[in-house]
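Take a look at the structure below.
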Amino acid sequence: MIFDNKFIQQRIEKAKLLEEAGYNPYSNDSKRNTSIEKYLNVNSDIVETEEKRDENRHYIVSGRIKFLRVMGKASFVKIEDESGMLQVYVTRDNLPEGFYNTIFKKNIEVGDIIEVGGFPFVTGKGELSLHVDTLTLLTKAISPLPEKFHGVTDKEIRYRKRYLDLIMNAEVRKTFQTRSKVISLTRRFFEDKGFLEVETPMMHPIAGGANAKPFVTHHNALGIDRFLRIAPELYLKRLIVGGFEAVFEINRNFRNEGMDATHNPEFTSIEFYWAYKTYKDLIEITKEYFQYLFEHLDLPTMLPYGDMKVDFANFQEIPLIESLTTIGGVPADSCTSKEGIIAYLNSKNITVKPGMNLGQLQGELFDEFVEEKLIDPTFITEYPVEISPLARRSDTNPEITERFELFIAGREIANAFSELNDPIDQLSRFEGQMEAKDCGDDEAHEMDSDFVEALSYGMAPTAGQGIGIDRLVMLLTNEHSIRDVLLFPAMKPLANECQPEEEN
RNA sequence: GUCUUGUUAGCUCAGCUGGUAGAGCACGUCACUUUUAAUGAUGUGGCCGAUGGUUCGAAUCCAUCACAGGACACCA
């Protein structure tokens with residue numbers, strides 16, 4: 001039984017005693033009239049006064065007990081609500097006869113949620129506090145909190161029981177508040193630009209828009225499998241065909257692949273599509289977007305990330321091939337032919353899968369020698385067409401696409417391009433992907449003829465971009481695991497958690 | 001998927017080359033009306049992640065498994 005721990009038993013016993021004495025251990029009769037933050041602000045003037053107190057003011061605040069110091073007939077209690085922590089001073093003689101000794105001291109403890117009323121005063125040590133004249137238990141916590149000084153540090157507990165992490169670690173609350181603000185600001189930024197927020201299906205008949213393995217689920221009524229979406233791209237572009245000129249979606253994608261510090265099976269991205277624009281316009285709006293975020297989050301443009309310092313005012317732009325030599329240090333003549341690249345990679349003790357085409361090999365060089373060196377925000381442009389099945393070819397060089405990826409702190413943050421809107425070209429790109437799939441590339445993009453048909457009705461020239469929100473939040477909060485920016489990261493089930501039998 | 005480290009009280013952690021389990025916090029009892037991780041006294045608390053093995057004897061050595069962290073691989 002989950003309550004057989006003796007500390008829990010002890011606390012359940014206290015809850016019973018309270019109930020028997022006429023105090024509901026789960027009362028919902030809250031009369032709170034201010035938050036702790038407001039209380040501290042409104043009464044900060046008391047510190048300057050002669051008396052250090054104002055008995056004519058009266059406030060009711062609520063919160064969870066984080067510290068409890070009982071000293072005979074008086075006690076100091078630190079309570080915390082979402083806005084902050086407040087010290088309250090509880091004395092025997094300011095409470096009803098017997099309450100302090102038989103109820104408060106015996107049955108109320110760290111972890112419980114209480115409500116106190118009283119007047120503001122400043123203690124001898126100069127801390128603005130609340131002098132209590134009424135005290136109500138709102139919620140009895142029957143499980144004890146972790147240790148008050150070290151808190152919970154065990155990552156497994158922190159992720160599996162995020163509520164405990166949030167109770168104990170104020171910085172964690174801050175991180176998720178930042179995450180929320182980033183999403184909210186992102187929404188506002190694009191709305192202000194005239195973009196329309198839309199929702200497209202999470203369950204797809206064909207998992208398209210990216211190269212990734214999907215999760216499969218089953219629709220009973222139709223008797224067919226569906227794929228959890230790996231990207232919303234093809235649906236958003238159908239909307240551009242339909243006549244919407246600027247759309248965005250902030251939502252989850254699901255990819256059935258490995259989990260590590262930068263990958264969670266479900267993750268959040270924003271994708272936006274903008275008709276009558278090109279990837280050049282996207283570079284500009286991306287810079288603007290970052291500026292907007294930093295301004296409204298009140299962050300300095302120079303941010304630490306681990307050992308790195310990232311200058312968010314220093315956006316660079318460089319074509320992929322050029323970056324291989326200037327940043328990656330790859331000799332120029334080892335970048336432009338399959339043989340040259342393979343020879344160079346082999347000389348660095350890197351083996352590549354046989355059958356890779358030139359574009360894939362150039363991508364390999366980039367991943368190997370350039371990516372991790374891109375600290376300040378850098379737009380890498382002019383991606384080879386072979387690794388960009390949904391991007392528009394450059395008008396001047398059909399081997400490359402009008403595409404960029406944005407790298408910050410050695411990590412990909414965004415992917416964008418002028419969209420391919422030629423249905424014939426799109427069809428042949430899909431066919432190329434199908435060939436790759438037949439040759440064993442199980443990551444190759446699926447054929448989506450319905451999407452090709454949509455393009456055949458004409459999609460205005462459009463530019464589109466995806467930004468990984470989780471990784472962006474990691475950058476802004478200096479977190480190095482995606483689990484630290486997800487409230488409930490994916491975890492393997494514990495042995496004692498029952499799970500359905502595997503069936504075929 | 002591979003390698004590697006970890007798993008001991010509610011939490012944070014000790015525990016040597018194998019000899020039968022420790023601290024701090026928390027909790028119980030007592031004292032204490034201005035404390036700041038309050039303090040002082042005292043006490044309770046453990047299937048040492050699971051299963052096997054070696055041994056007279058295993059928290060400790062070995063094997064397998066589970067979960068977690070890190071690195072690598074894969075995947076944008």
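Lettering of chains follows the sequences in order, A, B, ..., and the numbering in each one begins at 1. For the numbers below, each heavy atom of this structure counts, side chains included, while hydrogens, waters and symmetry mates do not. What you are looking at is a predicted structure, and each value in this text was computed from that prediction instead of being measured.
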Students often get this wrong, so: under 4.0 angstrom with heavy atoms, is [X] touching a base, only sugar-phosphate, or nothing?
| X | answer |
| --- | --- |
| A:F267 | nothing |
| A:T123 | base |
| A:G468 | nothing |
| A:M491 | sugar-phosphate |
| A:K66 | nothing |
| A:D367 | nothing |

Quiz item: Looking only at N and O atoms, is any donor in the side chain of A:Q87 or the base of B:U35 less than 3.5 Å from an acceptor on the other one?
Solution: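 It does, because a donor-acceptor pair links the side chain of A:Q87 to the base of B:U35 below 3.5 Å.
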Practice problem: Please confirm whether any donor atom in the side chain of A:H263 sits under 3.5 Å from an acceptor in the base of B:C75, or the reverse. | Solution: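 Yes.
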Side-chain N or O of [X] closer than 4.0 Å to phosphate OP1/OP2 of [N]:
| X | N | answer |
| --- | --- | --- |
| A:R160 | B:A68 | yes |
| A:K148 | B:A26 | yes |
| A:S129 | B:U36 | no |
| A:K155 | B:G69 | no |
| A:R69 | B:A38 | yes |

Expressed in angstrom and rounded to an integer, what is the separation of [X] atom [atom1] from [N] atom [atom2]?
| X | N | atom1 | atom2 | answer |
| --- | --- | --- | --- | --- |
| A:I157 | B:G69 | CD1 | C1' | 13 Å |
| A:R11 | B:G10 | CZ | P | 14 Å |
| A:I8 | B:C11 | CD1 | P | 10 Å |
| A:D154 | B:C13 | CG | C1' | 12 Å |
| A:M71 | B:A31 | CE | C1' | 13 Å |

Exercise. Please tell me which of A:K106 and A:V110 maps to the more 5' nucleotide of RNA chain B, matching each residue to the nucleotide holding its nearest heavy atom.
Key: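 Between the two, 5'-proximity favours A:V110.
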Practice problem: Please figure out whether A:E156 or A:F7 has its closest RNA chain B nucleotide nearer the 5' end. | Solution: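 It is A:F7 whose nearest nucleotide is closer to the 5' end.
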Practice problem: Answer syn or anti for B:C47, where the cut-off is 90° from 0 on the glycosidic torsion. | Solution: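 It is syn.
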Taking atom [atom1] in both [N] and [M], compute the distance separating them and give it to the nearest angstrom.
| N | M | atom1 | value |
| --- | --- | --- | --- |
| B:C48 | B:U34 | P | 46 Å |
| B:A38 | B:C32 | C1' | 11 Å |
| B:U55 | B:A63 | C1' | 16 Å |
| B:G15 | B:U7 | P | 10 Å |
| B:C11 | B:A50 | C1' | 23 Å |
| B:U54 | B:U60 | C1' | 14 Å |
| B:U17 | B:C13 | P | 22 Å |
| B:A26 | B:A71 | P | 35 Å |

In the structure shown, which nucleotide is the Watson-Crick or G-U wobble counterpart of [N], with both distances under 3.5 Å?
| N | value |
| --- | --- |
| B:U36 | none |
| B:C72 | B:G1 |
| B:U55 | none |
| B:U60 | none |
| B:U7 | B:A66 |
| B:G45 | none |
| B:U12 | B:A23 |

Exercise. Just do the side-chain contact (heavy atoms from CB on, under 4.5 Å) check on A:V132 and A:T91 with the steps written out, would you?
Key: CA-CA 7 Å; A:V132 172; A:T91 57; over 6 Å; no
Practice problem: Would you sort out whether A:R64 and A:E80 count as a salt bridge (Lys or Arg N to Asp or Glu O under 4.0 Å), showing the intermediate values? | Solution: CA-CA 5 Å; A:R64 187 187 296 277; A:E80 189 174 46; over 6 Å; no
Residue [X], side-chain atoms from C-beta onward, closest of [options]:
| X | options | result |
| --- | --- | --- |
| A:R483 | B:G70, B:A37, B:G45 | B:G70 |
| A:D260 | B:C74, B:U34, B:C25 | B:C74 |
| A:K6 | B:G45, B:U34, B:U33 | B:G45 |
| A:E147 | B:A73, B:C25, B:A68 | B:C25 |
| A:V152 | B:G45, B:U36, B:U12 | B:U12 |
| A:Y159 | B:G69, B:G10, B:C32 | B:G69 |
| A:Y89 | B:A26, B:C11, B:U34 | B:U34 |
| A:V70 | B:C32, B:G28, B:U12 | B:C32 |
| A:K78 | B:C32, B:G28, B:U36 | B:U36 |

Below 30° counts as parallel, above 60° as perpendicular, anything between as tilted: where do the rings of [X] and [Y] land?
| X | Y | value |
| --- | --- | --- |
| A:Y23 | A:F99 | perpendicular |
| A:F451 | A:F430 | perpendicular |
| A:F121 | A:Y89 | tilted |

Quiz item: Where the side chain of A:R411 meets the backbone of A:R471, is there a donor-acceptor pair that is under 3.5 Å apart?
Solution: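 Checking the backbone N and O of A:R471 against the side chain of A:R411, no donor-acceptor pair under 3.5 Å is found.
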Quiz prompt | Sub-6.0 Å ring centroid separation between A:F404 and A:F417 | solution =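 No - the distance between ring centres of A:F404 and A:F417 does not fall below the 6.0 Å cut-off.
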Quiz item: Under 6.0 Å between ring centres, would you say that holds for A:F366 and A:F407?
Solution: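 A:F366 vs A:F407: aromatic centres under 6.0 Å.
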Quiz item: Going through the checks in order, is the salt bridge (Lys or Arg N to Asp or Glu O under 4.0 Å) test met by A:D165 and A:K161?
Solution: CA-CA 7 Å; A:D165 192 25; A:K161 304 185 185 182; over 6 Å; no
Practice problem: Could you say whether the aromatic ring of A:F149 and the base of B:A37 stack, counting only centre distances under 5.5 Å and plane angles under 30°? | Solution: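 Yes; centroid distance and tilt both under limits.
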